[in-house]
Amino acid sequence: MSSQERHYESHWQEEEYYYQNPEFIGQANITDPGIFDRMSLDNFPECYKEFADLLDWDQYWHTTLDTSDAPCWKWFVGGRLNACYNCVDRHLDSYKNKTAIHFVPELEEEPVQNITYQELYRRVNETAIMLRDFCGLKAGDRVTLYLPMTPELPITMLACARLGIIHCQVFAGFSGKACGDRIWDSESEVLITMDAYYRSGKLLNHKANADEAVKAAEEQGQKVNKVLVWRRYPGTYSSSAPVVEGRDYFVDQLLEKYKRQEIAPASMPAEDILFLMYTSGSTGKPKGCQHSIGGYLSYVAWMSKYVQDIHPEDVYWCMADIGWITGHSFIVYGPLAVAASTVVYEGVPTYPDAGRCWRIAEELDVDIFHTSPTAIRALRKVGGDEPAKYNYSFKHMTTVGEPIEPEVWRWYYEVVGKGKAVIVDTWWQTETGGFLCSTLPGIQPMKPGSAGTGLPGIHPVILDDEGNEIQPGEGKAGNLCIKNPWPGAFQTIWKNKERYIDSYYGKYCRDKNSTDWRDWPYMAGDAAVMSADGYVRILGRIDDVINVSGHRLGTKEIESAALAAEEVAEAAVVAVTDEIKGAVPELYVSLKPDYDPSDDLAKKVSDAVADVLGKIAKPSNVYIVPDMPKTRSGKIMRRVLASISSNKDVGDVSTLANPQVVEEIRRQVQSG
Ligand code: WT7
């Protein structure tokens, strides 16, 4: 049985359609099914003009798609534009006094900040001048941001975009060490961070993590010259970490000098880089996905307008973190490009109680809501009856990041959406910039547990291991691929074109010398089934990546973090199904001679993983085993450990080098 088929076995069956309510269709931004024909492969790539035309260009482009450096696609070549101008300046004429960002602090007693487009314009300008004049940053430089969910994060991103500076935002929940690795890889000389922020009612000392990050980067040879610290409460330093003279600066103090100053947006080539976003892959080193200005922005603008169905008068809340691609595309760039009011919520969805989300929705009149299956499962578990107590009204909801169980989908639909909001299940990845598969909410019906069809202009196909197409409705699982390039796709892996080609095109490229895009199907790394109507059901990753709460963690990253504990000789990670998070990592370690297993040691290993990668990677269990099950050639059999972890039959292990250890491990794990 292939790995895909194994996935399929444990997955849910196809469900019946749910039809969207006519009121939604009546107001939808797109209801003409002709869009699928207009965006067909016959019209590729010129059809993507429709996307580019959502933006304002300083100079219109002459070539839609340049394939000469395949598979590093260049979109809208010859065009010049500015992403910040498109998200801020161009809205001032019509929407100057409209809220751009509703910032909701975690503490309920702190007032919501409603930042208008005009105010956003001012703050972004002042910040941009500071980046230029105080930091000496210029177009093409990289700067690492390590910022929590406060307005200062989108403001800093847009200030970078205004000058063509490449921002590399690292999720604030990642450890300082993980941030340091990214500073080093992106060669950032400036780090922008915040002193503190709230999580679960506690003011976290984030600056201390930033100091760790600088140290980790410097240990690898990347010097950080300046650390800019936004203060959660301007004027008050809320961290106990020392302020390093000549390196650390408070942004609120620096900005005094630039009050009300303006700076023109830089006119940037469409195919220059907007940002890097790191994600996990099969090897230990995270990949810096490089996203373009013109292609990316036009793609997310289209998705926000037609898949999220955002109108300027909507209040839109995507409850993700801007530190992930979802937040970049669907809290910041997409919604602001279409002049939405976008909500930025600082804290955890269930703080101080299970009704918090629905109170925020009620208070701000949120009508479009976007979250992940993990959050939906958690909200359902802690407060399944809460939504009914609040008088909010959603017309549209999104789920993204992991497969959603049909039962959970139905709770989302009936209880959160009150049987009225349309749902889109959008499948995509850090690499893809924006959605690839989803229903178009005003046109296609929903199906619980399935992401939709390929979106207009996206042509998905399921390939078997030999590269043959599995037909829709055949019921067989395979590798989900996209036949064609699209403007939102990342350009390459930062400084690692070889790994880019290898990971995404290595398996199915028909001719490595070809400049014809038809020879380069994009392999997403997900196993999926396509039903007869073209809807895809995602079964999971085919590589060594674990999807925890919709966030990708590489097993190799976790294993090498475990080896940071000096007692550990070998480590192996497996994914175990979790009721809330979808999957969680379980860790098996064996010890070097002269060390004895103990609960303290298991805890130490678990803490080591959290220290190196962040709390999100913390294993649910650490088992100290006498030896790893191995093949005769010495390879650790993770498959056997995975079966033990999930209480399944381990199969035939007689060919292993040490079959007897399997039974020993099984007894140890299942007894305790
Ligand atoms: C992986 C990408 C997409 C932005 C957030 C995660 C899984 C994503 C879905 C969905 C089932 C999904 C895939 C994909 N995934 N969306 N709607 N249904 N699975 O981005 O961290 O790059 O992870 O998330 O396995 O490959 P990411």
Side-chain angles (χ1 to χ4, degrees), residues 3-4 7 11-12 169-171 173-174 276-282 286-289 291 299-300 303 307-308 318-331 333-334 370-377 397-406 408-409 412 423-439 446-455 458 460 477 479-482 488-490 493 503-504 522-530 535-554 557 575 581-583 616-617:
S3 59
Q4 286 96 330
H7 272 300
H11 207 73
W12 48 82
Q169 156 70 11
V170 178
F171 173 52
F174 271 159
L276 304 180
M277 169 61 67
Y278 285 87
T279 191
S280 301
S282 307
K287 314 187 255 197
C289 294
H291 282 285
Y299 198 75
V300 297
M303 296 296 146
V307 182
Q308 307 266 258
C318 168
M319 201 174 64
D321 195 293
I322 300 175
W324 309 105
I325 191 71
T326 302
H328 273 50
S329 300
F330 297 113
I331 298 177
Y333 285 113
H370 180 157
T371 193
S372 62
T374 290
I376 301 168
R377 289 188 286 258
M397 306 192 301
T398 301
T399 163
V400 65
E402 319 144 64
I404 183 166
E405 299 79 358
V408 176
W409 190 99
Y412 194 38
I423 296 180
V424 293
D425 181 340
T426 60
W427 170 78
W428 60 298
Q429 309 177 293
T430 304
E431 293 86 341
T432 73
F435 309 143
L436 295 179
C437 290
S438 166
T439 49
M446 306 161 255
K447 200 192 274 182
S450 293
T453 62
L455 281 161
I458 299 296
N479 291 321
L480 180 52
C481 297
I482 310 293
F490 69 144
I493 295 171
S503 313
Y504 303 96
Y522 170 82
M523 186 183 82
D526 279 334
V529 208
M530 193 185 280
Y535 285 43
V536 298
R537 265 173 297 156
I538 307 295
L539 308 177
R541 301 285 312 177
I542 54 168
D543 53 12
D544 297 325
V545 168
I546 306 181
N547 190 334
V548 182
S549 306
H551 303 310
R552 270 155 66 174
L553 295 170
E557 286 169 81
K581 298 176 180 171
I616 181 173

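Each ligand, and each atom within it, is numbered from 1 in the order the structure gives.
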Distance col, row Ile404:CD1 vs Thr371:OG1, nearest 0.5 angstrom, shows 9.5 Å
Check for me whether Ala451 has a heavy atom closer than 4.0 Å to any atom of ligand 1. no
Show me which atoms of ligand 1 lie under 4.0 Å from any heavy atom of Thr430. 20 (O), 21 (O), 22 (O), 27 (P)
Within reach of ligand 1, part of Thr426 (heavy-atom separation under 4.0 Å): backbone
At under 4.0 Å between heavy atoms, which part of Gln429 makes contact with ligand 1: side chain, backbone, both or neither? both
Which of the numbered atoms in ligand 1 are below 4.0 angstrom from a heavy atom of Trp428? 2 (C), 3 (C), 4 (C), 8 (C), 14 (C), 16 (N)
So between Gly582, Gly401, Ser329, whose heavy atom ends up nearest atom 9 (C) of ligand 1? Gly401
Are Phe490 and Tyr504 close enough that their ring centers fall under 6.0 Å? yes
Regarding ligand 1, does His551 bring an N or O atom to under 3.5 Å of one of the ligand's N or O atoms? no
Tell me whether Arg552 has any N or O atom under 3.5 angstrom from an N or O of ligand 1. yes
Under 4.0 Å from any heavy atom of Asp526, which atoms of ligand 1 are there? 13 (C), 14 (C), 25 (O), 26 (O)
Which atoms from ligand 1 have a heavy atom of Asp425 less than 4.0 Å away? 10 (C), 17 (N), 18 (N)
Answer yes or no for Gly550: is there a heavy-atom contact with ligand 1 below 4.0 Å? yes
Nearest-0.5 Å distance, CZ of residue Phe330 to OG1 of residue Thr398: 8.5 Å
Counting only heavy atoms not in Lys447 (residues, nucleotides, ligands), do more than 12 fall under 6.0 Å from its NZ? yes
Under a 3.5 Å distance rule, please check whether Gln429 uses its side chain to pair with a backbone N or O of Ala524 as donor and acceptor. yes
As an exercise, identify every atom of ligand 1 less than 4.0 angstrom from a heavy atom of Ile538. 11 (C), 18 (N), 19 (N)
